[in-house]
Every structure is written in C-alpha cells, then in structure tokens.
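Numbering of ligands and ligand atoms starts at 1, following listing order.
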Amino acid sequence: MFMRIDHIGIACRDLEEKIAFFSETFELTVVAREVNEEQGVKEAMLHIADGEGGGSYIQLLEPLSEDSPVGKFLAKRGEGVHHVAFGVRDVTETMAKINEKGVRLLDQHPRHGSMGSEIAFLHPKDVGGMLTELVQAAKR
Ligand code: CMX
Ligand code: CO
C-alpha cells in the first residue's frame, strides 16, 4: 500500500525561521513554497531523497489562522511533528481499502496537496494517535 514516506509535517510558528534552521543545520534544499488556503497553511517542502513514485521531504507548516488544523495543534501541543505522510500509487483506491478496515477518513474525496499532489487524511485516533496523510504525487 505504502511506497515510501512522502513527508513528515512539522507545525511551526515562524516558517522563515524554521526554513533557515532546517536548511542550514541539515543542508536541505527548499524545493517548493505554497499557500494552501483549503488546508489553512503556508508551507515549504525541503527535499531529502527520491523514491518509488516520488520524493521524500520535510514539510514545514505555519498556520494561516488560529482555528485551522495546524493553528489548533500549536495552541494545544506546541511546535513539533504534526503528521506523517505516506506515498501511495492511487489515493482514491487506497482511501477505500483503508476505510473498509474501519479507519475514519477525514476527507471523502482527495484534495490538493503540495507540488500538484492529491492527498487525503486519516483520523489520528484510529491510527494510534498519529495524524496520517496519503499522498499520490503528481506525474513527472
Ligand atoms: N496528531 C495527533 N493527534 C491530533 C492531531 C495531530 N496532528 N490533531 C489533533 N489531534 C487530536 C487532539 O489531540 C484531540 O485529542 P484529545 O481529544 O484526546 O485531546 C483530538 O485529535 C481532536 O482534536 P481537536 O484539537 O479537537 O481538533 P479537531 O478534531 O477539530 O481536528 C483533525 C483534528 C485531525 C480532525 C484535524 O486537524 C484535521 O482534519 N486534520 C487534517 C487536515 C490537516 O491537518 N491539514 C494541515 C496539513 C496540510 C498538509 O499536510 O498539506
Ligand atoms: Co502534509
């Protein structure tokens, strides 16, 4: 089902400060910066490696508002790992397969993710406390 870890999403208060930290400390390169209004985030993707069906990244996330998913997370838990995203071949197919096993989908249909990807989230309470994202990378 999972081809690779696509990214680790990290909630932060100051995107520019965290981009500087991650790129300088770990010698990572920012390959995309986007504002995703639907997800309520301003984000940056830092490339780590290339894998089957797409790359793997660190995703830095700053909330656009306090009542967005990342805004609420920061208020409750502070900065840190927010979600883990797995690369899948076909997100719609994978959502259906996982939902059949009783895991709640937070999205009924795939949404737009970073760099032209299609994404969907699984409820953290059904995945041992880990907010889980499925990613079908854009065709290269
Ligand atoms: N990881 C693990 N648990 C989480 C969590 C996270 N990121 N976010 C919330 N939770 C837990 C909370 O701690 C809370 O648990 P308790 O009841 O035990 O305290 C419970 O889930 C409910 O949390 P809440 O603060 O009341 O928030 P909501 O239920 O309103 O929303 C969630 C939680 C996961 C449904 C919502 O954040 C969501 O839909 N997320 C998916 C979309 C998203 O996160 N987008 C931003 C990233 C975009 C991208 O990657 O591109
Ligand atoms: Co993500």
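- Between the side chain of E79 and the backbone N or O of A11, no donor-acceptor pair lies under 3.5 Å.
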Does the pair L134 and D6 meet the rule for a side-chain contact (heavy atoms from CB on, under 4.5 Å), with working shown?
CA-CA 9 Å; L134 308 175; D6 184 282; over 6 Å; no
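- Distance check on atom 30 (O) of ligand 1: some protein heavy atom falls below the 4.0 Å cut-off.
- A donor-acceptor distance shorter than 3.5 angstrom exists from the side chain of D107 to the backbone of F121, with no hydrogens or angles considered.
- Given atom 42 (C) of ligand 1, the protein heavy atom at minimum distance is Q39 OE1, 3.4 Å.
- Ranking the protein heavy atoms by distance from atom 41 (C) of ligand 1 puts F121 CG, 3.7 Å first.
- The closest donor-acceptor contact from the side chain of T25 to the backbone of F22 lies at 3.5 Å or more, if one exists at all.
- The minimum heavy-atom distance linking S23 with L46 is given by the pair N-CD2, 4.1 Å.
- A distance-only check finds a donor-acceptor pair linking the side chain of D90 to the backbone of T92 [under 3.5 Å].
- A side-chain donor-acceptor contact under 3.5 Å links D14 to the backbone of E17.
- Looking at E37 and K42, no side-chain N of the basic residue comes within less than 4.0 Å of a carboxylate O on the acidic one, giving no salt bridge.
- Residue, atom and distance of the protein heavy atom nearest to atom 37 (O) of ligand 1 are P69 CB, 3.3 Å.
- Here the shortest heavy-atom distance to atom 14 (C) of ligand 1, taken over H83, R111, K76, belongs to K76.
- Remark: minimum distance from atom 5 (C) of ligand 1 to any protein heavy atom is reached at F73 CD1, 4.0 Å.
- Heavy-atom proximity to P124, at under 4.0 Å, picks out these atoms of ligand 1: 2 (C), 3 (N), 4 (C), 34 (C).
- Side-chain contact check for E133 and H7: at least one donor-acceptor pair (N or O, by modelled atom type) lies under 3.5 Å.
- H112 pairs by the ring pair (Phe, Tyr, Trp, His ring centres under 6.0 Å) definition with nothing, not counting sequence neighbours.
- Proximity of H82 to ligand 1, defined as any heavy-atom pair under 4.0 Å, is shared by backbone and side chain alike.
- Residue-ligand proximity: N36 is placed with every non-hydrogen atom at 4.0 Å or more from ligand 1.
- For atom 51 (O) of ligand 1, the nearest non-hydrogen atom of the protein is Q59 NE2, 3.4 Å.
- Nearest residue to atom 35 (C) of ligand 1 from L106, V81, V84 is L106 (criterion: closest heavy atom).
- Of the polar atoms of K125, at least one N or O is found under 3.5 Å from an N or O of ligand 1, judged by distance alone.
- At least one heavy atom of G129 sits less than 4.0 Å from an atom of ligand 1.
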Do V135 and F86 pass the side-chain contact (heavy atoms from CB on, under 4.5 Å) test, and can you show the C-alpha distance, the side-chain angles, and the key distance before you say yes or no?
CA-CA 6 Å; V135 182; F86 295 99; over 6 Å; no
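- The single protein non-hydrogen atom nearest to atom 27 (O) of ligand 1 is K72 NZ, 3.6 Å, given as residue, atom name and distance.
- E62 contributes no side-chain N or O that, together with a main-chain N or O of E43, makes up a donor-acceptor pair within less than 3.5 Å.
- Distance check on atom 9 (C) of ligand 1: every protein heavy atom falls at or beyond the 4.0 Å cut-off.
- Using modelled atom types, one finds no donor on one side chain facing an acceptor on the other under 3.5 Å when comparing E34 with S114.
- Using a 4.0 Å cutoff on heavy atoms, R77 counts as a contact of ligand 1.
- When atom types are taken as modelled, the side chain of R111 and the backbone of E118 share no donor-acceptor pair closer than 3.5 angstrom.
- Counting only distances under 2.8 Å, and ignoring water, the protein N, O or S atoms around the Co ion (ligand 2) are H7 NE2, Q59 OE1, H83 NE2, E133 OE1.
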